[in-house]
Structure formats: C-alpha cells, structure tokens
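Proteins get letters first, then strands, A, B, ... in listed order; numbering begins at 1 in each. Quantities reported herein were computed from a predicted structural model and do not represent experimental measurements. The figures that follow rest on heavy atoms only: side chains count, while hydrogens, waters and symmetry mates do not.
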Amino acid sequence: MQEFRYIEPKSLRRASQLLKEHKGEAKLIAGGVSLVALMKNRLVRPGVLVNIKAISGLDKITFHQRNGLKLGPLVIHRRIATDPQIRERFTLLAEAASQIGSPAIRNIATAGGNLCHADPNGDLAPALLCLNARLKLMSATGKRAVSVDEFCSDYYTTCLEPDEILAEILVPAPLPESGGAYLKLKRSATDMAVVQVAACVIRDKKSNLCGAARIVLGSVGPYPILAKQAADYLEGKDFSPEVVEQAAVLAAGQAQPNADGRGSVDYKREMARVYVKRALKLAWQRAGGSDWGDARSVSA
Amino acid sequence: MGAIGEMRVAFQLNGEPVELEIKPNQTLLEVIRRDLALTGTKDGCGIGECGVCTVLLDGWPIRSCLALAVDARGRKVTTIEGLAQGSELHPLQESFIKNGAIQCGFCIPGMLMIGKALLDEKPKPTEQEVRTVIAGNLCRCTGYVKIVEAILAASEGPR
C-alpha cells in the first residue's frame, strides 16, 4: 500500500473539516474491507486517510417502538445479522447482512462502509431501500437526510458531498401484519450476487388483500432498483400465484443488468423474475398470509 | 498533523503484550509476518477472498490482510502461533492431524483460526454450521471433507 497521511479525528465535525481541508485527496476509512483492497490494487490512492473509528458512539444499534431502528455507521455486519431485535422486526435486513462476504469479513466490515462504497452488488442498500430507510448525512456546516434511492446515485457513486459523512441509518418501525424477505442468488457462498431481491408486503388483516408492497432489485443496474410498477400493481390485490407471477414479470422488466461472468442479460433478468416471486411469497407468509409451500423451492 | 512515518502501537499478541513502531499503511498481516516474524499466518490473495490470513481480533476471526495494523491498538490478537500451549498442540490441531485434514498445509492456519473461533462460540456446531463458517476459507487440496470432519471431531458434539 502506498503511503498516506493518517489522521484519527475525535468527532464527526472534525472529520468533516479534514475532508474539506484535504478535498480531493482525503478518504474516510471505517472497516476498511473495500477501501484497503482498492488501495492495495492502487485503484484508490488517498493522500490523507481519515479513520473515524476513534469517534465514540458510531457503533450503536438502538430500537424504539415509535422511532424504529437506528444504526451507527460503524456497526459491523455480524451484529446486524445476529441482533435479536433486527432478526425479529427487520428480518430482511438481518438476512442481507448475514450474506455479505464471509464470517471474517462480517467481523470488520461496517454498514456505513458498505453503503458509502456503493458497489452495485452491495447487500445493505437494496435491503435498506426496501425498508424505506433514511440516511443522515452531516458535515461541519450542516446536516440532511436522504433516502437510499437518492444516496446511491451511480456505480460506486453516492450523493455525498466531499465533506459529508454518513452519520446514521434510520429504519422506520415496520407495521404490524407486514413481512419482508431478502433473497440472493450467488454462484458460491462468498461470491457477489447475480441478483438480489428485497421485498416487503403489508397484509390487510380484514380483507386478506395486499395493502402495499415494496420490491427492490439489486446487482441488475448501477444502483438498487425500486420496482414501483410491480408494487403499484400488487396494491389491493388478492395475493394469488397468478398475481405474484404478474408482479414478478413487471419487476423483472425494470432490471437493467449487464452481462458479465455471473451471467448474461437474459439470465439475470429471468433470475430477477424468479427471485421476486420467491421473495414475495416468503414476505407474504411472514406477514401472516397463506403458505404455498417452500418459497425457496426451485419450482417456485 | 497526522502521521506518515512510524507510529507506536501496543496490543496483546497471543496473550503477551507487544509494543512496536509501525507505519499507518501497514496491514495487520504485514506487521505480524514481517515486524513480529510470525510467519504461520499466510499471505494469499491479499484482498480478503482466500482466508489464509485469518487471525482472531478480540476472539473474532478477521482478515488480517484487509485490517490496518493501527486498528489492533489495545486489542487482543491471536495468531496460529497462539493455539498450542508450549509443545502441547491445541485439540483442534490434533484433530486436523488425526483426521488427515492437512495436505499442502497452506490454508490450514486460517482453517484452524476460523474453526477455533466457531468452536469457542458454538461448542457443538452442526456440519452445516461448520461448512457455512469455513465458506470464506479456500482449500485447493482436500475438497474440505476432512477439514469439516476434523472440526466436528474436535467439537463437543455427538460423533
């Protein structure tokens, strides 16, 4: 790794000032899993490295019935995957975190690093977009909150200004009678995804119809894709196999995959359709809806 | 302000306190292998894919090739050299030998560290749990069967 100036600020405010002072040559480091690999390959060559791990309070997980879940940017994936509250109430988020890299990666890689790296194959962004999370960004001069949609603006690109830092991830508390699922198709256990699907549905208890749905596709475009058409189609519908099939076709139609070693354009689009179907079925079951057998089965 | 040259760091290595001068651009793996001359931990892909550099940080397995050495400050680092007690091998090491889990040996330090971390957390893992945990540690010789058997044999589970 080439040399850099190494600084450990004690506050986010100071970290932001440093990013501003060294604009264009400073990089923020959290867990370092993605950044160190990029630096070793000389794809990123920061003159100044700002390590935020000395700032206290950035690795907290808190849950309130009313305000929902708050994740600090330095929370590691293992904690998201194993936290009892997250597993119970934000199941799809725990499922996403549990499938990032390998165990030894999940012990140092952080939620903030995962989001800010903005890899189109990233797992947390589709999950958090599906859960309608807000990202709190702060700089020395102000703060704002953005949706995950706004945050992920292109391949490996976020909406962060040069001196802005992702300070907190806010996930609204899920409604009762809602359910979510995160499914990932990959070639091997630790590979990046061919396609990921995050889905959540709200079941109207009285009518047993779909109250609302949110479907997000990952790895089939420059950023996670919110399949709005499919979600609109599901609203107010009976959650029958035919309806789910139609929703899956609509969602897959919004995929913008590229051909690469993980599959052709047609294959990825087809897998997006199949995985949307499976994710919707699983989410519906978790929302208390009827069970049609194993949602993960190959015949789905 | 900010360091480019040497920085003084202290941490615990295999139960013993160590203090040394490092550069901020050194990975934990480089410090372990070059500065501390503990070459049991291997340097493989260098980008976190292969798992041969696995060490424990405060008991949890991490990729030492992707961790900055400065981040080990004040923490407990365990390498393969920390498993045996003097001339007495760790039960997991014995089990690897007994079960013929070692061929070329290059992946074994990483396999032992990830296996130890698993058994520390879950003394009775299922075969599936063992396979899930070693998924990020590549072995190009054995096909994993004997490695899985060795970890299960060293566990407290029924065999």
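Ranked by heavy-atom pairs under 4.5 Å with chain A, the first of B:Thr54, B:Leu57, B:Val70, B:Asn137 is B:Val70. Counting heavy-atom pairs closer than 4.5 Å to chain A, the top-ranked of the candidates B:Pro61, B:Gly136, B:Gly110 is B:Pro61. Interface check for chain B: of the options A:Val50, A:Leu49, A:Thr190, the most heavy-atom pairs under 4.5 Å are formed by A:Thr190. Chain A forms more heavy-atom pairs under 4.5 Å with one residue of B:Ile114, B:Ile47, B:Thr27, B:Ile62 than with any other, namely B:Ile62.
Around NZ of B:Lys23, the count of heavy atoms belonging to other residues, nucleotides or ligands within 6.0 Å does not exceed 12. Within 6.0 Å of atom NZ in A:Lys40, more than 12 heavy atoms from other residues, nucleotides or ligands are found, so the atom counts as buried in its surroundings.
Heavy atoms of A:Arg78 lying under 4.5 Å from chain B belong exclusively to its side chain. Heavy atoms of B:Arg131 lying under 4.5 Å from chain A are absent altogether. With a 4.5 angstrom heavy-atom cutoff, A:Leu35 does not touch chain B via any of its atoms. A:Leu38 does not touch chain B: none of its heavy atoms, backbone or side chain, sits under 4.5 Å away. Looking at B:Met7, the atoms closer than 4.5 Å to chain A (heavy atoms on both sides) all sit in the side chain, from C-beta outward.
For the residue pair A:Asn51 / A:Tyr6, a side-chain donor-acceptor distance below 3.5 Å is found, with atom types taken as modelled. Using a 3.5 Å distance cut-off with no hydrogens or angles, the side chains of A:Asp123 and A:Gln196 do pair a donor with an acceptor. A donor and an acceptor atom, one from each side chain of A:Asp119 and A:Ser34, are nowhere located under 3.5 Å apart.
To the nearest 0.5 Å, atoms CG (B:Leu28) and CZ (B:Phe11) are separated by 6.0 Å.
A distance-only check finds no donor-acceptor pair linking the side chain of B:Gln26 to the backbone of A:Met1 [under 3.5 Å].
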